[in-house]
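Computed from a prediction, not measured in an experiment: that's the story for all the values here.
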Amino acid sequence: METIGPDLRVMQRVPLAASHVAAIQVAGAERHYPAGTFLARAGEPADRFVYVKEGEIEVVNPFTDERHLPSTLGPTQFMGEISFLNGGNWSMPMRAVKDTSVIEVPRPEMLRLMSEIPEMSDIIITVLAARRRRQLDTHDGTLVLIGEDDDRAVRRVAEFASRNRLPYRSYALGSPEAGAVATSCSISSDRPAVIFGRDIVVTDPTPDKVAQLLGLNYRLVDDEAFDVLIVGGGPAGVAAGVYAGAEGLRALVVEDVAIGGQAGTSSRIENYMGFPTGISGADLVWRGEVQAMKFGTRFAMPRRVVRLERLAGGAFCATFDNDQRVRGQAVVVATGVQYRRLPIERLEAFEGAGVYYAATEIEARYCRNAEAIVIGGGNSAGQAAMFLSRSARHVRLLVRGRSLTTSMSSYLSSRLAADPAITIEYGAEVSALHGDDHLDAVTIRSVADETTRTISTCAVFIMVGAAPNTNWLSGLVKLDDHGFVLTGEAIGASSPYATSQPGIFAVGDVRASSVKRVASSVGEGSVVISKVWDHVQNRE
C-alpha cells in the first residue's frame with residue numbers, strides 16, 4: 001500500500017544541481033557556525049532553508065544532548081523537515097559537529113524559488129517527505145507521551161498527532177523508558193504526561209497546546225486578509241488549497257481536528273484512481289497538503305470556525321473558536337459531514353474511552369486481541385472492520401438494515417463476508433453501554449424481535465449517518481431540509497458549486513446532491529477554484 005513518502009534508507013540521494021545551488025546563493029546569505037553551536041532547537045520556527053557548504057551537522061537527542069542518528073549532514077546536503085513548507089517549528093535539535101559554513105535562505109524567498117524551479121522543488125520535497133516517513137516509522141520525535149493507555153487527555157493528543165502524521169513516542173506508565181524521560185524532565189514516571197523536548201512539560205494537555213508547540217496553528221494576525229478562506233481540511237478542502245495556491249491565490253485552509261477529515265480515518269482506499277495497491281485516506285490527503293504548502297497555501301489547525309459574517313464591502317470575516325478573526329474575499333465551504341451520535345445512554349461518557357468515530361492505528365491498539373464492534377453499513381464501516389480484523393481477536397459488524405447492497409461497494413462487502421475474523425449481523429443495533437471509566441460490554445438488540453444479549457468488548461466504532469457541518473454559516477446561505485448546502489440549479493446559480501450568497505462556494509460532502517466519494521470531493525475542490533478566481537478578480 002502507498003505511504004506518505006519514499007524510504008530514506010534506500011532512496012538514491014540526488015544532490016541539487018549546480019544551477020539550483022547558484023540560485024540559492026543569490027537568494028540567501030552565507031553564515032558560519034562554530035563547532036557545538038545549535039542551528040535549530042525543537043519548537044523554534046522553521047523559518048529558513050539551510051544548505052551545507054562545508055562542515056557537518058548532526059541531529060541531537062533533546063533528552064540527552066547526544067548525537068541522535070548515526071548519519072549526519074555534510075556538504076551539498078540541506079537541513080529541513082516538512083514543517084518548513086507551512087512555517088511550522090523544528091521537531092528535533094540540530095547542531096554543528098565542527099566549524100560549519102551554510103547558505104541560509106528565508107522561508108518566503110525559498111518557497112518562491114521552489115515555485116519557479118520545479119526540478120529543485122521535487123528534490124527538496126522528496127527528501128523532506130522521506131525524512132518525515134522515517135520519523136513516523138521509528139516513532140522518532142521530540143513529542144513524548146507517558147500513559148497514553150491510561151489517561152484520556154494524553155490519548156486525545158496521541159490521536160491528534162497520529163491523524164496529522166506527527167511523529168511522537170509513547171511510553172507506558174512505570175516503564176523503564178518512561179522513567180528515563182521523566183528523570184531528565186524532573187517529573188514522576190508514574191503519572192501521565194505530555195512532554196516536548198526536555199524543558200516543556202505540557203500542563204492540562206490538549207491538541208491545541210501541542211499544535212502551538214509544533215507551529216501547526218499558524219500564527220495569524222487578527223483580521224489578516226486572504227483571497228480565499230477554505231473551511232475544512234478533507235479531500236475537497238485540500239484539493240481546493242492545492243489549486244488556489246497554484247493559481248496564485250492567497251489561501252488559508254482551516255481544519256478543526258485533522259487534515260484528511262472523515263476520509264482521513266479510512267485505513268485503506270482501493271478504488272481511488274492511480275493507487276492500485278490502495279492508500280490510506282490520511283496518506284492520500286497528506287500528499288495533497290504537502291502540494292498545497294509548496295504553492296504557498298497555509299493551514300491553521302486545530303481551529304474551528306464558529307461564525308461567518310459578510311462585511312460591508314462584500315468580503316467575509318470568519319471567527320475561530322478562540323475569538324481570533326480572519327478575512328477572505330471568497331469562502332469555500334468544505335466542512336464535509338460527521339458521523340451521527342447514536343441515542344444511547346452514557347454514550348458521551350465513553351467517547352475516547354471505548355467509543356470511537358475513527359479506526360486508525362491508534363484505535364486499533366486499544367482493541368488488540370479483543371472483541372471489536374463496528375456499527376454502520378457504508379464503505380467507511382467496512383474498511384474499518386477489515387482494518388481492525390488485523391489486530392482484534394474478532395470484529396462484529398452491526399448493520400441495522402437487511403443488506404449491504406445499496407450502501408457498500410461490492411468488492412468490500414464480498415471481502416467482509418469471506419473473512420473468518422469478521423461477523424456481519426443484520427438487523428442489529430447497540431442499545432446499552434456498560435463499564436465504569438472504560439467500556440467493558442454492550443447490549444445488542446435485534447430490530448426484528450427486540451431480543452437482547454450482552455457481550456464483552458472494549459471498543460465500539462460508530463460510523464453511522466452523515467450530519468453536515470453547517471451551523472457556522474450563520475444563515476448566510478440556503479440549506480436543504482437536512483442541513484446540506486444548496487448550490488447550482490437548486491438556487492438558480494450558473495456554477496454547480498455557487499451558493500445563494502455571492503462569494504461563498506460549497507464542495508464535497510457538505511454540498512447537497514453531491515456524490516459522497518473521495519474522488520468526487522477532490523474533483524469538486526479542484527474545479528471550484530476557477531470560479532473563486534473569477535470572483536476575486538472581479539472584486540479587484
Side-chain angles (χ1 to χ4, degrees), residues 1-3 163 234-236 238-239 260-288 334 336-340 356-361 363-364 372-392 394-429 460-468 482 484 507-526:
M1 187 171 73
E2 293 279 347
T3 59
R163 288 187 60 186
V238 172
Q262 187 171 299
T265 67
S266 296
S267 56
R268 189 182 184 94
I269 300 174
E270 293 188 70
N271 57 357
Y272 193 91
M273 189 186 72
F275 297 95
T277 60
I279 187 170
S280 75
D283 286 350
L284 177 66
V285 182
W286 189 86
R287 290 176 178 227
V337 297
Q338 60 189 7
Y339 293 124
R340 298 184 187 275
Y356 307 103
Y357 297 89
T360 66
E361 293 286 352
E363 291 82 12
I373 293 177
V374 178
I375 304 174
N379 276 4
S380 294
Q383 290 163 350
M386 291 295 301
F387 175 68
L388 294 169
S389 67
R390 305 173 191 169
S391 55
H394 184 261
V395 177
R396 195 180 301 266
L397 179 64
L398 303 185
V399 183
R400 205 173 191 280
R402 297 182 178 181
S403 170
L404 294 172
T405 304
T406 59
S407 59
M408 187 179 294
S409 297
S410 176
Y411 81 91
L412 188 54
S413 60
S414 298
R415 289 184 184 176
L416 293 172
D419 195 325
I422 300 173
T423 298
I424 306 175
E425 294 190 16
Y426 295 101
E429 62 184 11
V460 170
F461 297 84
I462 300 177
M463 298 179 173
V464 176
H482 301 287
F484 290 89
V507 292
D509 290 359
V510 76
R511 189 175 68 83
S513 302
S514 66
V515 178
K516 305 299 190 277
R517 288 290 184 268
V518 172
S520 62
S521 293
V522 170
E524 291 186 11
S526 305

Ser414 side chain to Tyr411 main-chain N or O, any donor-acceptor pair under 3.5 Å?
no
Looking only at heavy atoms, what is the nearest atom pair of Leu404 and Ser413, with distance?
CD1-CB, 4.2 Å
Under a 3.5 Å distance rule, please check whether Ser407 uses its side chain to pair with a backbone N or O of Gly377 as donor and acceptor.
yes
Donor-acceptor contact present, side-chain Ser280 to main-chain Asp283, <3.5 Å:
yes
Is the count of non-hydrogen atoms from other residues, nucleotides or ligands lying under 6.0 Å from Glu425 atom CD greater than 12?
yes
Which distance, rounded to the nearest 0.5 Å, do you find between the CZ of Arg415 and the CE of Met408?
12.5 Å
Which heavy atom in Thr405 sits nearest to a heavy atom in Ser403, and how many Å separate them?
OG1-OG, 2.7 Å
The single option from Tyr356, Tyr339, Phe387 passing ring-ring contact (aromatic ring centres under 6.0 Å, His included) against Phe461:
Tyr356
Heavy-atom nearest pair, Ser520 first then Val515, reads OG-O, 2.6 Å
If only atom types and distance count, is the side chain of Arg511 paired as donor or acceptor with the main-chain N or O of Ala334 below 3.5 Å?
no
Can you name the closest pair of heavy atoms from Leu416 and Ala385 and give their distance?
CD2-CB, 3.9 Å
How far apart are the closest heavy atoms of Gly401 and Tyr426, and which atoms are they?
O-CB, 3.4 Å
Point-to-point distance, once rounded to the nearest 0.5 Å, from CD1 of Ile462 to CG of Leu398:
10.5 Å
Evaluate the side-chain proximity of Asn379 to Arg517: yes if any heavy-atom separation is below 4.5 Å, no if none is.
yes
As an exercise, state the distance from OH of Tyr272 to CD1 of Ile279, rounded to the nearest 0.5 Å.
9.0 Å
Is the His482 ring parallel, tilted or perpendicular to the Phe484 ring (thresholds 30°, 60°)?
perpendicular
With rounding to the nearest 0.5 Å, note down the distance linking CG in Leu412 to CD1 in Ile269.
11.5 Å
Assess the side chains of Thr360 and Glu363: does a donor N or O sit below 3.5 Å from an acceptor N or O?
yes
Closest non-hydrogen atoms of Val374 and Ala381, given as atom of the first, atom of the second and distance, are CG1-O, 3.7 Å
Side chain of Ser514, backbone of Gly508: donor and acceptor closer than 3.5 Å?
yes
Does a side-chain heavy-atom distance below 4.5 Å link Ile375 with Glu429?
no
Roughly how far, to the nearest 0.5 Å, is CZ of Arg390 from CD of Glu361?
7.5 Å
For the CD1 atom of Ile422 and the NE2 atom of His394, what is their distance to the nearest 0.5 Å?
8.0 Å
Arg340 and Val464: CA distance, side-chain angles, deciding distance, side chain to side chain contact (heavy atoms under 4.5 Å, CB included) verdict
CA-CA 6 Å; Arg340 298 184 187 275; Val464 176; 5.6 Å; no
Measuring only between side-chain heavy atoms, which start at C-beta, is Asp419 closer than 4.5 Å to Val395?
no
